[in-house]
Amino acid sequence: MKGEKKGNLKFLWEIFKPYTPFMLFAILGGIIESLALAGLAFIIKNIIDDVFIAKDTKALEFVVLAVIVIAFFKELGYFMRDYLYPLAIFKVLRKLRADIYNRILNAEPSFFMKNNIGDILSRITNDLEAFNKTIRLLSVNLVTQIFTVIAMIGVLIYRDVQLFLIFVISVPFLALALNYFGNKRKKYSQRLRESFADFTQHMNQILTGIEVVKLFNRRLFLDLFKKINQKLYHRQKKDSFYETTYLAIVEFIAYMATAAIILYGGFRIIKGELTTGEFFSFLGGVVILINAFQVLQRGAVQIKALDPIVERIRYLLSIPQEEDRGIEFEGLKESIEYRNVNLVIKDIHILRGIDLKIFKGEKLGIVGLTGSGKSTMVKILPAIVKNYTGEVLLDGVELRNFSVSSLRKKIGMVSQDVFIFNDTVRNNLLIANPEASEEEIIEAIKKAKAEFVFKLENGLDTVLGEKGSRLSGGERQRLSIARVFLKKPDILIIDEGTSALDVQTEEEVIKNIFNEFKDNTILMITHRLRILEKTERIIVVDKGKIVEEGTEEELMKKKGVFYRFIQISGEG
Ligand SMILES: Nc1ncnc2c1ncn2[C@@H]1O[C@H](COP(=O)(O)OP(=O)(O)O)[C@@H](O)[C@H]1O
Ligand SMILES: [Mg+2]
């Protein structure tokens, strides 16, 4: 724990180090501001004693000039502190966001299988914002307040030591109140944040699933929401209660201290030991000092909140990264060979002794029940799934020797789930091949039977929206297939990638694919017999094993697993 804390400090130091000039100037601004405040408190004496009481015109001119000069420096200092310090934080945040984004793009694919996406997202949004807010209350601001406290104590002692000692008596009471209510407020503001998170999360769920929600009993949702809503109300109430009580009590103690100062100071003024000016100068200093205490106390509470936030951010920056080393895969020359490939994830044996040789240019059909391991088996080739045992050889060279980027460049994949991002149709297609010409794009769309895009309101420039939500499953799949025509991969994997198309469109698209990629290797996972008929060989996967192998004709004649599978899926 202690080591982690030290790690957090070191981490903060490292990320802020490039911006030390900003920080130093901000601190300088804070010091200027503190000194100016002390100067204002100090000069109250001259205003009262020399101008109001002694009625000295020269002193009036001097005092007004002094106020203007001090005010200028106070605001200059304020500007330096309150502009430069957040600026440094914004720069740090920009760097953190970029680092996290890179970390995620280069992450080991297995990381996302083991971690909750919602949690990762919350760290990126909520925790970075909490980091911004918390760090802003700290550091430079604390330094400034410490300087203010020191400068003020200087003024107070200089003005009157005895009065200062009277004030000191009130400090423990003040500290107690600040601490007690500070902790209460911290507790409730934390709970309040959790309640807000519950609320947004629930709203998000309802909104994204509203069509399904409508089919269920409304009562259930209303009850659930009532609890969340009530809790949020309760916590807001408590949070506000402690905040106002805290302010009231702190102010009351401050008034008590003031009363004591007036009592004792009044006596000394009457006895002629203290001037009126000195008294008010002292009082002004006390007000500024109490304010500084409050800010310092808030900072002390925030410091505790910073540790868990920094830890959550550091977790994102330690996402295991994929290495892109090794020889370049330049395309298949002879064969892909799986040799006794096994895979275990979380104690589940997903692949069991896969032995398979696929020749260049072969069209291989892969069949099996849901969960039998088909997708996992093919995902080994573009190195999405990695921790297998045994060997996977590309032209006799173990796959792990190739750089992952070169494998992914040469291997194309169309799956059931299609990634569409919130951009135009054109840009969604260009990610497959940024150099593709307009003609190539149109040709690919036609081959993929995705002509519907021409009818969208802005054609290829139509923005598809979040996750392509305005498209049907079949339309998304057609875009995904169009990408493959643009990418022209050496090895093509179609993992139920045409499952959402109607039978006729599917056949036409598959015909186009087989035509375009007639010299390339195709691995085709499907349960449609009419597509399997077009393949040269079929393997049947069951519970992570290859249980049958042969041409469609052979397998149908054999009346084994494949035959039964085709019967069940109603394709026979
Ligand atoms: N990341 C993972 N973590 C745990 N289990 C997984 C993971 N990926 C796949 N599996 C499991 O491996 C089995 C095979 O999955 P998959 O290859 O997707 O099957 P198929 O494509 O044949 O339907 C399933 O039981 C699935 O639940
Ligand atoms: Mg699958």
Side-chain angles (χ1 to χ4, degrees), residues 104 106-121 319-322 336 338 340-356 358 363-390 392 399 404 407-408 411-419 473-474 476-477 480-481 484 491-501 506 510 513 522-529 531-532 535 537-549 555 560-562 564-571:
I104 287 174
N106 294 326
E108 265 305 332
S110 62
F111 175 80
F112 301 104
M113 296 173 189
K114 294 180 203 138
N115 284 273
N116 181 330
I117 302 292
D119 179 56
I120 299 173
L121 221 68
I319 294 177
Q321 299 290 283
E322 209 172 33
I336 303 168
Y338 287 72
N340 191 24
V341 172
N342 282 273
L343 180 77
V344 178
I345 301 180
K346 291 180 199 151
D347 294 336
I348 304 168
H349 218 128
I350 296 173
L351 297 179
R352 298 164 183 263
I354 299 283
D355 282 309
L356 174 67
I358 309 160
K363 313 288 177 274
L364 180 77
I366 304 174
V367 173
L369 297 175
T370 307
S372 55
K374 308 179 297 292
S375 299
T376 310
M377 194 178 116
V378 298
K379 280 183 198 163
I380 287 178
L381 297 178
I384 303 291
V385 168
K386 290 179 175 174
N387 41 348
Y388 59 87
T389 60
V392 177
L399 187 131
V404 289
L407 288 170
R408 289 171 193 165
I411 298 173
M413 193 148 154
V414 183
S415 345
Q416 239 169 333
D417 308 315
V418 179
F419 171 70
R476 282 200 285 269
Q477 280 192 346
S480 169
I481 294 161
V484 164
I491 299 169
L492 177 59
I493 299 168
I494 300 185
D495 184 356
E496 303 185 37
T498 52
S499 57
L501 304 185
E506 186 181 30
I510 294 286
I513 290 175
I522 303 182
L523 278 61
M524 173 87 73
I525 300 176
T526 177
H527 56 258
R528 294 257 170 96
L529 189 60
I531 297 172
L532 290 168
T535 62
R537 184 162 58 124
I538 297 167
I539 59 165
V540 183
V541 182
D542 188 34
K543 299 193 183 81
K545 275 193 194 131
I546 297 179
V547 292
E548 268 182 9
E549 188 180 330
L555 291 178
V561 187
F562 179 73
R564 283 197 300 278
F565 179 82
I566 294 298
Q567 299 296 318
I568 300 167
S569 57
E571 292 274 336

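Note that the structure is a prediction, hence the values are computed from the model and not measured. Start at 1 and go down the list; that is how both ligands and their atoms are numbered.
- A search for side-chain contact (heavy atoms from CB on, under 4.5 Å) contacts involving Lys363 returns Phe514, Ile522, Glu536, not counting sequence neighbours.
- Looking only at side-chain heavy atoms (C-beta outward), Leu381 and Leu399 come within less than 4.5 Å of each other.
- Side-chain contact check for Phe565 versus Val540: every heavy-atom pair is 4.5 Å or farther apart.
- Inside a sphere of radius 2.8 Å centred on the Mg ion (ligand 2), the protein N/O/S atoms present are Ser375 OG.
- By the neighbour-count criterion of 12 heavy atoms within 6.0 Å, atom NZ of Lys545 is sparsely surrounded, having that number or fewer from other residues, nucleotides or ligands.
- The side-chain contact (heavy atoms from CB on, under 4.5 Å) check on Pro320 picks up Glu108, Phe111, with sequence neighbours excluded.
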For Val385 and Leu343, what are the C-alpha separation, side-chain angles and deciding distance, and is it a side chain to side chain contact (heavy atoms under 4.5 Å, CB included)? CA-CA 9 Å; Val385 168; Leu343 180 77; 3.8 Å; yes

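- Ile546 has its side chain out of reach of Asp355: every pair of non-hydrogen atoms, C-beta onward, lies at least 4.5 Å apart.
- When heavy-atom distances to ligand 1 are checked against 4.0 Å, the residues falling inside are Met113, Ile345, Ile350, Leu369, Thr370, Gly371, Ser372, Gly373, Lys374, Ser375, Thr376, ordered by chain and number.
- Using a 4.5 Å cut-off on side-chain heavy atoms (C-beta onward), Ile513 and Val484 make no contact.
- Side-chain contact check for Tyr338 versus Ile380: some heavy-atom pair is nearer than 4.5 Å.
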